[in-house]
Peer 1: 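Sharing a structure below in structure tokens format, with a few things to ask.
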Amino acid sequence: MSSVDNLPRLNLIDFYRLHGGEFFLLITTAVERLLEQFPDAELPDELTAIYGWRQLDVEIRNGGCVQYFNDHAGEPGTEELAQLLDQLELEEASELIWDVIGLIDDLEDDFEDADYEE
């Protein structure tokens, strides 16, 4: 698969019509569909970061930061997101993500042993 084949497909009308959160959802949905179709696809770091941002948003709204990392659903793209925030010079946001990554790495064994059903 060439690198061009690894790019998500977008509806061109929506590409020009949507903005803000709707545009972000358009891109992340396209990335999710691509990954469903090609689970081993290697995305550019920027798309991986956007995918990580979406996963972080969904999981934290659903169950908080612990759930985001414990479910392992949000981990892909987390470091790329922190790197993207660094590049955008959003220091407070990037530091928060890096701090959480470090904290979760330190507590990974505790998460694996925890029973959240109680």
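Residue numbers count from 1 along this sequence. We use all heavy atoms of the structure for the numbers below, so side chains are in, but hydrogens, waters and symmetry mates are not.
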Peer 1: Donor-acceptor pairs are to be reported for all side-chain atoms of residues 87-100 against protein atoms at under 3.5 Å, with residues two or more places apart or in another chain.
Peer 2:
residue: Ser94; atom: OG; partner: Asp86; partner atom: OD1; Å: 2.7
residue: Ser94; atom: OG; partner: Leu90; partner atom: O; Å: 3.4
residue: Ser94; atom: OG; partner: Glu91; partner atom: O; Å: 3.1
residue: Trp98; atom: NE1; partner: Asp86; partner atom: OD2; Å: 3.0

Peer 1: Quick one: list whatever passes salt bridge (charged side-chain N to carboxylate O under 4.0 Å, His left out) with Arg17, sequence neighbours left out.
Peer 2: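 Arg17: salt bridge (charged side-chain N to carboxylate O under 4.0 Å, His left out) contacts with Asp14.
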Peer 1: Please list, one pair per line, the donor and acceptor atoms closer than 3.5 Å that link side chains of residues 19-40 to other protein atoms, with sequence neighbours excluded.
Peer 2:
residue: Thr28; atom: OG1; partner: Phe24; partner atom: O; Å: 3.1
residue: Thr28; atom: OG1; partner: Leu25; partner atom: O; Å: 3.2
residue: Thr29; atom: OG1; partner: Leu25; partner atom: O; Å: 2.7

Peer 1: Any chance you could measure Glu80, atom CD, to Leu47, atom CG, to the nearest 0.5 Å?
Peer 2: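 Separation between the atoms: 11.0 Å.
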Peer 1: Are Leu84 and Val58 connected in the hydrophobic side-chain network, where two residues link if heavy atoms are under 4.5 Å apart?
Peer 2: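 Looking at the clustering, Val58 is in a separate group from Leu84.
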Peer 1: Is it true that Phe15 and Ile13 fall in one hydrophobic cluster, defined by side-chain heavy atoms closer than 4.5 Å?
Peer 2: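 Different clusters.
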Peer 1: Can you tell me how far CD of Gln83 sits from CG of Leu81, rounded to the nearest 0.5 angstrom?
Peer 2: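 Going from CG on Leu81 over to CD on Gln83, the span is 9.5 Å.
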